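Take a look at the structure below.
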Amino acid sequence: MRIDLHVHSTASDGTDPPGALAEKAVAAGLDVVALTDHDTTAGWETAAAALPAGLTLVRGAELSGRWYGAEPTVGLHLLAYLFDPGHRPLAAELARVRRSREQRAERTVALLNDGGIDVTVPEIREYAAGGTVGRPHLAQALIRRGLVGTVGEAFAPEWLGRRYRLPKADIDAFTAVRLVNEAGGVSVLAHPRASSRGHIVPDTLIAELAAAGLWGVEADHTDHSAADRAHVRLLARDLGLRVTGSSDYHGANKTVRLGAFTTDPSVYEDLISTATGAVPLVGASRPPTPPTA
Ligand code: AMP
Ligand code: FE
Ligand code: FE
Ligand code: ZN
């Protein structure tokens with residue numbers, strides 16, 4: 001069984017529509033794929049409708065979290081799986097973060113304009129195409145103007161990485177873990193040692209999140225070195241957290257391929273038997289054509 005538990009679509013900052021991911025997942029030799037768009041469940045229905053026989057879809061999201069207990073505060077990404085999307089407080093938090101992302105995009109456009117770069121808000125909205133707005137959509141505008149060559153370059157300190165980086169109103173990390181649990185889901189801390197984002201998530205904070213109900217932690221990820229992966233595994237063992245591995249596929253917005261990292265089947269079995277908010281969806285084989293009378 002090949003299981004990839006972290007994939008993005010055009011419902012956030014990936015470049016493949018949710019309905020097209022299923023076929024790509026099959027082509028990549030996957031048996032299970034989780035759709036985890038940033039702060040939204042908008043792609044769930046389309047992905048489910050396009051599910052081919054033999055592929056299982058785990059419906060999820062990647063929540064923008066932050067620990068406000070340190071200065072500077074610590075941003076983190078929390079993968080949430082198989083939660084009830086109708087859970088009001090969780091859905092309200094996701095909607096709040098999406099609005100904050102739109103406001104941040106507007107303020108970033110203004111900042112870029114001040115810097116003499118003539119990007120526009122409607123243009124960014126067009127790139128986001130109704131999905132969760134993220135910095136990769138701002139990156140598209142910089143690429144179109146020839147200011148940078150790739151999305152990766154757009155995250156350099158002189159661009160969206162620092163100079164033109166503005167905060168958004170992330171969900172308090174402990175509230176996020178609690179709400180996911182209340183909604184019947186399970187939470188996994190994504191890429192805690194991806195230092196290219198400017199910081200890592202401290203082990204002490206991971207321990208506190210584990211005590212607060214965090215279920216697992218992502219060890220195998222393209223932004224983790226071999227030493228990072230080993231460190232996360234040891235920490236997980238100490239804290240009783242499950243360990244996952246995932247691609248964090250974003251289509252053309254990142255270089256990593258679908259299924260580049262995978263999760264152990266026993267961890268997946270544990271996940272689906274723990275979550276109560278939603279079930280994994282199994283692609284059905286086409287019903288046989290009924291005999292004509
Ligand atoms: P945001 O959530 O809008 O602040 O943007 C963060 C997103 O940008 C991440 O989810 C990645 O998809 C993408 N990203 C962050 N750093 C990089 C990078 N160095 N290269 C390419 N994409 C990146
Ligand atoms: Fe992303
Ligand atoms: Fe992430
Ligand atoms: Zn991600």
Side-chain angles (χ1 to χ4, degrees), residues 3-18 21 25 33-44 47 58-67 74-81 94 97-98 100-102 104-105 108 124 127-129 131-140 143 150-155 159-161 165 168 170-171 173 176-177 180 187-201 205-206 209 214 216-224 228 232 244-263:
I3 301 156
D4 187 342
L5 291 179
H6 185 168
V7 168
H8 295 266
S9 77
T10 50
S12 66
D13 56 5
T15 58
D16 292 297
L21 276 172
V33 68
L35 181 66
T36 54
D37 278 304
H38 297 285
D39 305 308
T40 188
T41 58
W44 285 18
V58 171
R59 292 165 292 173
E62 186 173 17
L63 278 49
S64 302
R66 186 163 292 272
W67 183 47
V74 180
L76 53 85
H77 284 176
L78 192 72
L79 293 160
Y81 299 109
L94 296 183
V97 174
R98 289 196 302 273
S100 170
R101 283 173 162 280
E102 280 167 28
R104 177 186 62 161
T108 308
I124 306 304
Y127 300 148
T132 302
V133 184
R135 281 183 287 163
H137 303 119
L138 289 153
Q140 288 305 328
I143 291 169
T150 63
V151 177
E153 278 175 47
F155 278 85
W159 294 108
L160 305 172
R165 176 175 194 170
K168 57 184 173 9
D170 300 317
I171 311 174
V177 168
V180 171
S187 57
V188 171
L189 182 63
H191 48 67
R193 297 183 80 82
S195 57
S196 64
R197 293 153 203 260
H199 62 265
I200 61 166
V201 181
L205 175 57
I206 300 176
L209 290 169
L214 178 70
V217 61
E218 201 175 53
D220 296 326
H221 184 279
T222 184
D223 292 346
H224 283 176
D228 289 333
V232 170
T244 66
S246 315
S247 68
D248 201 359
Y249 175 74
H250 278 70
N253 276 346
K254 276 192 186 172
T255 52
V256 74
R257 291 161 55 166
L258 256 179
F261 300 97
T262 55
T263 293

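No experiment lies behind these values; they were computed from the predicted model shown. All ligand and atom numbering here is 1-based and tracks the order in the structure.
Looking only at its N/O/S atoms, E62 has OE1 as the one nearest to the Zn ion (ligand 4). With respect to the Zn ion (ligand 4), D248 has OD1 as its nearest N, O or S atom. Of all N/O/S atoms in H77, ND1 sits nearest the Fe ion (ligand 3). Nearest N/O/S atom of D13 relative to the Fe ion (ligand 2): this is OD2.
The aromatic ring centroids of H8 and H38 lie less than 6.0 Å from each other.
For the pair R135 and F155, the minimum side-chain heavy-atom distance is below 4.5 Å.
Taking backbone and side chain together, H6 holds no N, O or S atom under 2.8 Å from the Fe ion (ligand 3). Metal site remark for the Zn ion (ligand 4): H8 contributes an N, O or S atom at a distance under 2.8 Å. Among the atoms of H38, none of the N, O or S atoms falls under 2.8 Å from the Fe ion (ligand 3). Residue side and main chain included, H6 places an N/O/S atom under 2.8 Å of the Zn ion (ligand 4). Here E62 reaches the Fe ion (ligand 3): one of its N/O/S atoms is less than 2.8 Å from the metal.
Between S9 and D37, the side chains place a donor N or O and an acceptor N or O closer than 3.5 Å (distance only, hydrogens not considered). A donor-acceptor pair shorter than 3.5 Å can be found between the side chains of H250 and D13.
The aromatic rings of H6 and H221 sit tilted relative to each other, their planes meeting at an angle between 30° and 60°.
Residues passing the side-chain contact (heavy atoms from CB on, under 4.5 Å) test with A173, sequence neighbours excluded: L76, L209.
If you take CD on E62 and CD on E218, they are separated by 7.5 Å, rounding to the nearest 0.5 Å.
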